[in-house]
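Heads up: the structure comes next, in structure tokens.
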Amino acid sequence: MEQTNCKPSIVTYSTIIDSLCKDKLIDDAFKLFKEMVFEKGILPNVISYTSLICGLCKLGRWDEASKMLKEMEDENISPNVQTFNVLVDAFCKEGKVEEAEAVINIMIETGSAQNIVPDIVTYSSLIDGYCLRGEMIKAREIFDSITLRGLVPDVVTYSSLLNGYCKNLNVEKVVQLFREISGKGLKPDVVTCNTMLQGLFQVGCCVAAHKLFNEMHAQGRIPDRCTY
DNA sequence: GAGTGTAACT
């Protein structure tokens with residue numbers, strides 16, 4: 001591309017930077033980022049910064065992530081909902097739900113002027129975080145608060161909560177919630193089904209599990225490696 | 001007019 005008239009753009013660079021971050025090759029990502037800025041004179045945007053922050057958070061390099069946020073501020077690039085969601089999710093995955101809640105409070109208190117309002121991804125991450133800690137009452141509380149905020153739980157929100165109940169061996173809630181998904185007009189996807197399968201087998205409901213597996217085939221939801 | 005970033009199962 002560099003040899004043609006079709007020079008790599010901010011989108012080209014961001015695509016590669018994001019891929020490197022996802023492969024945990026954060027140093028290579030930064031190398032490319034610096035090449036883009038200092039050699040090519042292409043200004044980074046909120047997307048390239050969010051990718052880098054995501055990569056740093058997933059490696060637990062919180063100080064550097066915070067440094068990048070500061071750098072964005074200096075460059076007058078405002079973080080948006082997705083930038084904050086990356087932080088919320090990373091904290092939740094680390095079991096740092098309190099920190100995640102703090103980020104959400106910042107979003108609520110200071111973000112509304114810039115159209116930054118926690119969305120369904122934010123709360124799905126938080127539910128997942130509480131589920132990972134086995135705090136199902138809290139997870140349920142967040143789930144119930146979603147509607148009050150005018151948001152609509154999607155299949156990921158349901159699957160996260162479902163996974164929590166499965167790990168908790170709460171069969172009653174699992175069955176109830178799984179029915180509710182279809183009842184709300186949502187379609188359980190392969191991840192939802194895999195979660196259910198694991199839950200059903202764990203409590204010895206092998207017949208129900210096989211029935212669900214067969215239904216997956218019938219409804220064209222292709223089983224994947226996790227299913228098997 | 002288009003293209004890049006966030007959440008669930010293993």
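Chain naming here is simple, since letters A, B, ... match the order of the sequence lines and numbering starts at 1 in each.
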Exercise. Would you please classify the geometry between the A:Tyr228 ring and the A:Phe213 ring as parallel, tilted or perpendicular, with 30° and 60° separating the classes?
Key: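 Judged by the thresholds at 30° and 60°, the geometry between A:Phe213 and A:Tyr228 is perpendicular.
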Check every strand shown and say whether [X] touches a base, only sugar-phosphate, or nothing at a heavy-atom separation below 4.0 Å.
X        : answer
A:Asp189 : base
A:Val88  : nothing
A:Thr83  : base
A:Ser124 : base
A:Ser9   : base

Residues [X] and [Y] bridged, charged N to O under 4.0 Å:
X        : Y        : value
A:Lys67  : A:Asp63  : no
A:Asp27  : A:Lys31  : no
A:Glu141 : A:Lys138 : yes
A:Glu98  : A:Arg133 : yes
A:Lys211 : A:Glu215 : yes

Quiz item: Is there a donor-acceptor pair closer than 3.5 Å between any side-chain N or O of A:Ser66 and the backbone N or O of A:Trp62?
Solution: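 Answer holds: no.
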Can you tell me how far [atom2] of [N] sits from [atom1] of [X], to the nearest Å?
X        : N     : atom1 : atom2 : value
A:Asn45  : B:dT4 : CG    : C1'   : 8 Å
A:Met1   : B:dT4 : CE    : C1'   : 12 Å
A:Leu87  : B:dA7 : CG    : P     : 12 Å
A:Ile10  : B:dG5 : CD1   : P     : 13 Å
A:Lys22  : B:dG5 : NZ    : C1'   : 7 Å
A:Ile120 : B:dA8 : CD1   : P     : 14 Å
A:Met36  : B:dT4 : CE    : C1'   : 11 Å
A:Leu52  : B:dT4 : CG    : P     : 17 Å

Picking from [options], which would you name as closest to the side chain of [X]?
X        : options              : answer
A:Val191 : B:dG5, B:dG3, B:dA8  : B:dA8
A:Val11  : B:dT4, B:dG5, B:dA8  : B:dT4
A:Ser159 : B:dA7, B:dT6, B:dA8  : B:dA8
A:Cys226 : B:dA7, B:dT10, B:dG5 : B:dT10
A:Ile47  : B:dA8, B:dT4, B:dT6  : B:dT4
A:Thr50  : B:dT4, B:dA7, B:dG5  : B:dG5
A:Arg225 : B:dG5, B:dA7, B:dT10 : B:dT10
A:Lys93  : B:dG5, B:dT6, B:dA7  : B:dA7

Exercise. Can you sort out the partners of A:Glu101 under salt bridge (charged side-chain N to carboxylate O under 4.0 Å, His left out), two or more places apart, ordered by chain and number?
Key: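 Not a single residue meets the salt bridge (charged side-chain N to carboxylate O under 4.0 Å, His left out) criterion with A:Glu101.
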Quiz item: Which residues, if any, of residues 193-220 of chain A bring a heavy atom under 4.0 Å of DNA chain B?
Solution: A:Asn194, A:Thr195, A:Gln198
Is [X] close enough to [N] that one of its side-chain N or O atoms is under 4.0 Å from OP1 or OP2 there?
X        : N      : result
A:Lys58  : B:dA7  : yes
A:Asn85  : B:dA7  : no
A:Lys167 : B:dT10 : yes

Quiz item: Do A:Phe33 and A:Tyr13 have ring centres separated by under 6.0 Å?
Solution: no
Quiz prompt | Side chain A:Thr15 and base B:dT4 donor-acceptor under 3.5 Å | solution = no
